[in-house]
Novice: 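Below you will find the structure I want to go over with you.
It should be emphasised that the depicted structure is a prediction, and the values quoted were computed from it without experimental measurement.
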Amino acid sequence: MLEMKVFRESPEKIFEDLEKRNLPKDIALTVIELDNKWRKLIEEGNNLRAKRNSISKNIGELKKKGQDFSGVLKEMAILKKQLNQNETDTEIALKLRDSKRMVVPNILVNEVPVGDDENGNAEISTYGTINRKKEWLSHQDILERINGADLKRASKIAGRRFYFLTGDLARLELALVNFAVETLCEKGYSLTTPPFLMNREAYEGVVDLSDFEEVMYKIDEHDLYLIATSEHPITARFKNEIIELKEGPLKYAGISTNFRKEVGAHGISDRGIWRVHQFTKVEQVIFCKPEDSEKMHEEILNNAIHIFERLEIPFRVIDICTGDIGTVAARKYDIEAWMPSTNKWKEVVSASNCKSYQSVRLNMRYRTNEGTNFPHTLNSTAVATTRALAAILENHQTEDGDVIIPKALRKWMGNQETIKSK
RNA sequence: GCCGAGGUCGCUUAGCCUGGUAUAGCGCGGGCCUGGAAAGCCCGUGGGAGCAAUCCCUCGCGAGUUCAAAUCUCGCCCUCGGCGCCA
């Protein structure tokens, strides 16, 4: 949600942004109009309350002197009725304003490339070398050869898009997690394992409303949602609080199992463990002052780049365009790993600078010399295990169907160098 | 799950019994003082509306009683301690 001062003081910034996104100006104009209504009501209410308080004080004094005050009681009754009405109206006006405000997307950073969909995304850089000649097995074929997963029986007990990871591959998953955690801890990130369930109110502070239908699983009888990423609980953690940023940005390495409904997603590219309902992810989450957020955005991206370089996977970094970026981020970089079996780049990391969009909704602030201000929030994948595993399997396969374990992970695999096919 | 105690401004805390402007300390910011600093002293330190004077809101959340609620009543949430159950 955008700060109200932007609507009031520089609405042209919002209008320009909506134009870039091909969205109607009206959604912002409505907010401004509703805000004026609300402000008028607040002023009326304040005047009524001021009157009530002064009469009430007066009664107290009369009573102390033992004088009669029954005359003003009638006036008080009328006042009370007016105030009741005003309070109802004000509450409705504010709710309406903010429900419209929720829909207005974040203001994009100038550099964001303009485009209608993912075809408009801009490639920034590529890492590693691509070998297009060899015959490459798909990750799902390799899974079968190395006995790395049991998808069939997982679907028997839980449904499709679930999996058992087995043997060396299950071990490799833990190695990936350990590697990512160690990398981030060395850089000063504080490891955090959050609750895996969150209530609706907290969840509304960190996601789009549409995500409740399309992404998160709900536990009906408890008003709880399974988290889709540790970014959600970790960002919502300081809801309604004033945090301290004097000693620099707060940096967290989150680790959690993530649950996603993945409604509407299907296709041949989703076979195997690429798109699943449950996966483990190590995430980076940062809270910082506005002036630091662009630098922090580069930092979390570089951390992810570093991790994928050490996994020895070819990948590229792309700058997500206006039509593909969504409502929350002001700028978003993705890392796409090269998947040789299909000759395609596929998303393994997403790094977003959300500016103050989330902290406004969460009412989270930090203290400055002049008062309080909304911090910027950033998040990025460090490693999402299933996708990273798929990329490792494809890129590190050998002629005879074995998989070479990236050197960086071997210390968590008892120095094992390969995963043998059967 | 049961019993008990509690939840007050960034933190700590007084006020609650007996309803009438939310107290003090710490931390933080500014000022005085100083060659500079510490100490000391003074001011400020949650949110909203307003150009401003000013006004309003805020004591876990929500209802109720009352002219008036941090304070009284009811419901809920959470924390701590004890008991029970349990990986």
Novice: Over how many whole Å does the gap from A/Glu244 atom CD to B/C11 atom P extend?
Specialist: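 Value for this atom pair: 11 Å.
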Novice: If I take atom CG in residue A/Asn84 and atom P in nucleotide B/A63, what distance separates them, rounded to the nearest angstrom?
Specialist: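 Interatomic distance, CG of A/Asn84 to P of B/A63: 11 Å.
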Novice: Which residues pass the side-chain hydrogen bond (donor to acceptor under 3.5 Å, both in side chains) test with A/Thr229, sequence neighbours left out?
Specialist: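 Once residues adjacent in sequence are excluded, the partners of A/Thr229 under the side-chain hydrogen bond (donor to acceptor under 3.5 Å, both in side chains) criterion are A/Lys281.
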Novice: Identify the pairs formed between an N or O of the protein and an N or O of nucleotides 70-80 of chain B at a distance under 3.5 Å, and give each distance.
Specialist:
none

Novice: Distances under 3.5 Å between protein N/O atoms and the N/O atoms of nucleotides 66-68 of chain B, please, pair by pair.
Specialist:
unit_1, atom_1, unit_2, atom_2, d
B/C67, O2, A/Ser56, OG, 3.2
B/C67, N4, A/Lys63, NZ, 3.2
B/A68, OP1, A/Lys80, NZ, 3.2
B/A68, O4', A/Ser56, OG, 3.1

Novice: If the C1' atom of B/A5 is compared with that of B/C86, how far apart are they to the nearest Å?
Specialist: 25 Å
Novice: I'd like the P distance from B/G35 over to B/G27, given in whole Å.
Specialist: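 It comes out at 26 Å once rounded to the nearest Å.
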Novice: How far, in whole Å, is B/C85 from B/C74 if one measures between their P atoms?
Specialist: 32 Å
Novice: For A/Glu213, which residues count as a side-chain hydrogen bond (donor to acceptor under 3.5 Å, both in side chains) partner, sequence neighbours excluded?
Specialist: none
Novice: Partners of A/Tyr366 by side-chain hydrogen bond (donor to acceptor under 3.5 Å, both in side chains), sequence neighbours excluded?
Specialist: A/Asn373
Novice: For the pair made of CG in A/Leu94 and P in B/C56, what is the distance, rounded to whole Å?
Specialist: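 Computing the A/Leu94:CG to B/C56:P distance gives 20 Å.
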Novice: Could you measure between the two P atoms, the one in B/G47 and the one in B/C11, and give it in whole Å?
Specialist: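 Each nucleotide's P atom is 14 Å from the other's.
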Novice: Output the pairing pattern of RNA chain B as a dot-bracket string, 5' first, Watson-Crick or G-U wobble with both distances under 3.5 Å, | for cross-strand pairs, [ ] for crossing pairs.
Specialist: ((((((((.[[[..)....(...]]]((((((.......))))))((((....))))..[[[[[..)....]]]]])))))))....
Novice: Keeping the roles fixed (side chain from A/Arg410, backbone from A/Ile405), state whether a donor-acceptor pair exists under 3.5 Å.
Specialist: yes
Novice: What is the distance from CG of A/Asn240 to C1' of B/C9, rounded to the nearest Å?
Specialist: 14 Å
Novice: Between B/C32 and B/A37, how far apart are the two C1' atoms, rounded to whole Å?
Specialist: 15 Å
Novice: More 5' along RNA chain B: A/Lys246 or A/Gly45, using each one's nearest nucleotide?
Specialist: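 On the 5' side of the pair lies A/Lys246.
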Novice: Return each pair, listed once, that meets salt bridge (charged side-chain N to carboxylate O under 4.0 Å, His left out) where at least one residue sits in residues 18-27 of chain A; pairs must be two or more places apart or across chains.
Specialist: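 Sorted result for residues 18-27 of chain A: A/Asp17-A/Arg21.
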Novice: With a 6.0 Å cut-off (strictly less than), is the heavy-atom count around CD of A/Glu201, excluding the residue itself, greater than 12?
Specialist: no
Novice: With sequence neighbours excluded, what pairs up with A/Phe7 under the ring pair (Phe, Tyr, Trp, His ring centres under 6.0 Å) test?
Specialist: none
Novice: Below 3.5 Å, can you tabulate the donor-acceptor pairs from side chains in residues 110-117 of chain A to any protein atom, sequence neighbours excluded?
Specialist:
unit_1, atom_1, unit_2, atom_2, d
A/Asp117, OD1, A/Asn119, N, 2.9
A/Asp117, OD1, A/Asn119, ND2, 3.2

Novice: Pick from A/Arg101, A/Lys100, A/Lys5, A/Arg8: which one makes a salt bridge (charged side-chain N to carboxylate O under 4.0 Å, His left out) with A/Asp35?
Specialist: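 When salt bridge (charged side-chain N to carboxylate O under 4.0 Å, His left out) is applied between A/Asp35 and each of A/Arg101, A/Lys100, A/Lys5, A/Arg8, only A/Arg8 qualifies.
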Novice: If only side-chain N and O atoms of A/Asn53 are considered, is one of them under 4.0 Å from the OP1 or OP2 phosphate oxygen of B/C57?
Specialist: yes
Novice: Using only heavy-atom distances, determine whether the side chains of A/Asp89 and A/Gln85 contain a donor-acceptor pair under 3.5 Å.
Specialist: yes
Novice: Does A/Lys74, at its NZ atom, have more than 12 non-hydrogen atoms belonging to other residues, nucleotides or ligands within less than 6.0 Å?
Specialist: no
Novice: Pick the P atom in B/G15 and in B/U23, then give their distance to the nearest Å.
Specialist: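 Going atom to atom, P in each nucleotide, I get 14 Å.
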Novice: Send over the distance from A/Glu87 CD to B/G62 C1', rounded to a whole Å.
Specialist: 14 Å
Novice: Could you measure between the two C1' atoms, the one in B/G50 and the one in B/C56, and give it in whole Å?
Specialist: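 The same atom, C1', in both gives a distance of 11 Å.
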Novice: Taking only the P atom of each, what is the distance from B/C17 to B/C2 in whole angstrom?
Specialist: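 Roughly 29 Å separates the two P atoms.
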Novice: May I have the distance from A/Tyr366 (atom OH) to B/G46 (atom P), rounded to whole angstrom?
Specialist: 16 Å
Novice: Please list, one pair per line, the donor and acceptor atoms closer than 3.5 Å that link side chains of residues 374-382 of chain A to other protein atoms, with sequence neighbours excluded.
Specialist:
unit_1, atom_1, unit_2, atom_2, d
A/His376, ND1, A/Ser293, OG, 2.9
A/Thr377, OG1, A/Gln358, OE1, 2.5
A/Asn379, ND2, A/Glu231, OE2, 3.4
A/Thr381, OG1, A/Ser350, N, 3.2

Novice: Would you list the pairs meeting ring pair (Phe, Tyr, Trp, His ring centres under 6.0 Å) in which at least one residue belongs to residues 221-243 of chain A, sequence neighbours left out?
Specialist: A/Tyr203-A/His232, A/Phe212-A/Tyr225, A/Phe238-A/Phe287
Novice: Any Lys/Arg nitrogen of A/Lys346 or A/Glu336 sitting under 4.0 Å from an Asp/Glu carboxylate oxygen of the other?
Specialist: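 Not counted as a salt bridge, because no side-chain N and carboxylate O are separated by less than 4.0 Å.
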Novice: Using whole Å, report how far CG of A/Leu79 lies from P of B/C56.
Specialist: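 So the two atoms are 12 Å apart, to the nearest Å.
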Novice: Between A/Glu204 and A/Arg200, does a salt bridge (charged side-chain N to carboxylate O under 4.0 Å, His left out) hold up when you go through it step by step?
Specialist: CA-CA 6 Å; A/Glu204 280 179 354; A/Arg200 171 104 192 184; 3.0 Å; yes
Novice: Write down the distance between CZ (A/Phe238) and P (B/C11), rounded to a whole number of angstrom.
Specialist: 13 Å
Novice: Quick one: which protein N/O atoms are closer than 3.5 Å to N/O atoms of nucleotides 47-51 of chain B? Pair and distance per line, please.
Specialist:
unit_1, atom_1, unit_2, atom_2, d
B/G47, OP1, A/Thr372, OG1, 2.5
B/G48, N2, A/Asn46, ND2, 3.1
B/A49, OP1, A/Arg8, NH1, 2.2
B/A49, OP1, A/Arg8, NH2, 2.7
B/G50, OP1, A/Arg39, NE, 3.4
B/G50, OP1, A/Arg39, NH1, 2.4
B/G50, OP2, A/Arg39, NH1, 3.3

